[in-house]
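Have a look at the structure below, then the notes.
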Amino acid sequence: MNTNTKEQTYANWPLDYGDPNWFLHDRFGLFIHFGLYAAGARHEWFMTHEKIHPDVYNRYFEHFEPDLLDARVWARAAKNAGMKYVVITTKHHEGFALWDTKLSDYKVTNTPIKRDLLQEILAAFREEGLKIGLYHSLIDWHHPEFPIDGLHPQRDKQDNTGRNMNKYVDFLHGQVTELLTEYGQIDYLWFDFSYPHRDWEWSKGKGATDWKAAELEKLVLDLQPNILLNDRLDLNRGVITPEQYQPNEPVKKNGLPVIWEACQTMNGTWGYHRDNLDWKSTEMLLKMLIDTISKGGNLLMNVGPNGRGEFDQRSLDRLHGIGEWMRLHARSIYGTTHSEYQVPADCRYTQKGNRLYLHIYSWPFRHVHLKGLAGKVKYAQLLHDASEVYFRVFDPEEIITSTETKIDSRSIVLDLPVQKPNVIVPVVELFLED
Ligand code: FHN
């Protein structure tokens, strides 16, 4: 039972969900999409994009051997990037289990790698101190009882003879039970995804009723009472999870803040995609992290390991670059959230109590005007090297003769060096009066 945090009531957070405070503090997580699609190396949906029958798709099962996978390397890369939790795909829509499930032969221990990779991955990330999240697909394009619909690889057949959704749902709930009883404490469960609004006439999308979602939610909370849940069971509660999209302002529901987490890829696809060159720069990814927190959200940043079980160099470079920035600026991220102060153009604010952080996205010529902060700032410094930043308060009458500009008397003006500091996003740490 959570007290819905002492300070705040969230519109999407039931009292019987776990205490979200760790999540609201940690802010930054690693999403990992890893399954047979890593071998196909062309998006995690290629089975359905190419309408591949499970029997044909089986070739990826027969050749799945991520022999270079060392989960300790993954976990260290995430920790060094400043990530505080991980969400790993246990099963994606392809239906393949990354753990030694007893409910199916379509599992990692029956592939050439033979090992229970989920066990190894969770152990390595716990060793590095990260919280554990499991992604679990509600959709299953391999299971013979899962009814074919407009998203399914076999959609052209449009034939569901003999398929029984109740049998699939028993399987779905059974595998979730395995994951929540055999793999230790799970801090966050990331179901994916419900689509009841879809309608192909011959078939309709699947939602809460189809999954027996309320029963599944109760099962999860009975098995792991402190767990956090996302919002994709179609129950209109849980962590709101905008995807590949940055909201324009703090996310609210009925005027109340909500707990939300943006999930983003580095290159446009979740699973490893060899030929997708649509890579976001390290600077863009870092600015997305800051932007998300400035609006009160978390960022779940994705890596899709390749068929040998490695993070490719382009992912490692980005994680390293973000980690370098986080080493100097972590306290402007962890435990911070949206600030009510009006933020200057090309900047973001994050705030934690009486520490206000000004993240400067484009370096200005000498001055930044901070509205509404006159008389409220004790001290200011550049966070990366703790060098003092001088600031001035203007009285209402003062006119700067050189520019004839009247500064709002509630503002302060920071005097900044002409040269941008050698960090991706410079941050000014403002110590506010108590
Ligand atoms: O279909 C999936 C997709 O492959 C990926 O897993 C994302 C990650 O949030 N979720 C679904 C699309 O919304």
Side-chain angles (χ1 to χ4, degrees), residues 23 28-52 57 60 83 85-98 118 121 133-143 146 148-153 155 172 175-176 179 188-198 200 205-208 210-211 213 228-235 238-247 251 259-274 276 278 280 285 288-289 292 297-306 315:
F23 186 79
F28 189 24
L30 175 65
F31 213 169
I32 300 176
H33 278 69
F34 191 56
L36 302 181
Y37 42 82
R42 51 189 191 274
H43 196 290
E44 72 286 352
W45 273 52
F46 82 89
M47 180 183 181
T48 196
H49 287 158
E50 299 168 24
K51 298 179 182 175
I52 301 174
Y57 195 82
Y60 304 104
M83 293 164 157
Y85 63 100
V86 63
V87 178
I88 171 81
T89 49
T90 58
K91 177 192 87 166
H92 204 263
H93 312 332
E94 65 180 5
F96 172 71
L98 201 63
L118 184 67
I121 293 163
L134 300 182
Y135 167 109
H136 194 68
S137 174
L138 300 162
I139 296 166
D140 191 319
W141 294 327
H142 176 270
H143 199 281
F146 184 84
I148 296 169
D149 60 29
L151 295 182
H152 196 285
R155 54 190 172 277
L172 170 67
Q175 285 201 319
V176 169
L179 291 168
Y188 185 20
L189 190 52
W190 218 97
F191 283 115
D192 197 25
F193 64 92
S194 298
Y195 48 116
H197 56 289
R198 299 297 300 273
W200 297 275
K206 297 176 175 67
D210 302 285
W211 316 125
L228 310 187
L229 274 160
N230 76 340
D231 64 340
R232 299 195 177 188
L233 275 175
D234 185 31
L235 293 174
V239 179
I240 291 178
T241 53
E243 180 172 323
Q244 305 273 47
Y245 161 76
Q246 291 300 117
V251 181
I259 297 175
W260 68 278
E261 172 196 66
C263 53
Q264 291 279 3
T265 61
M266 289 189 180
N267 75 334
T269 53
W270 303 92
Y272 180 68
H273 191 319
R274 182 192 62 211
N276 181 330
D278 211 11
K280 303 174 180 78
L285 290 165
M288 287 161 67
L289 170 65
T292 303
N298 282 29
L299 184 69
L300 189 61
M301 190 179 291
N302 182 75
V303 172
N306 64 27
S315 301

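For reference, positions follow the sequence shown, starting with 1. Just so you know, ligand 1 is whichever comes first in the structure, and atom 1 is the first atom listed for that ligand. Please read all numbers here as calculations on a predicted model, not as lab measurements.
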For Y37, all residues meeting ring pair (Phe, Tyr, Trp, His ring centres under 6.0 Å), sequence neighbours excluded | H92
Sorted by chain and residue number, the ring pair (Phe, Tyr, Trp, His ring centres under 6.0 Å) partners of Y195 (sequence neighbours excluded) come out as F193
Proximal protein residues to ligand 1, non-hydrogen atoms under 4.0 angstrom = F31, H33, E44, W45, H92, H93, Y135, W190, D192, F193, R232, E243, C263, W270
Distance flag, aromatic centroids of Y135 and H33, threshold under 6.0 Å | yes
Between W141 and Y57, does the ring centroid distance fall short of 6.0 Å?
-> no
Verdict with supporting geometry, N302 and T265, side chain to side chain donor-acceptor pair (under 3.5 Å) | CA-CA 5 Å; N302 182 75; T265 61; over 6 Å; no
Partners of D234 by salt bridge (Lys or Arg N to Asp or Glu O under 4.0 Å), sequence neighbours excluded?
-> none
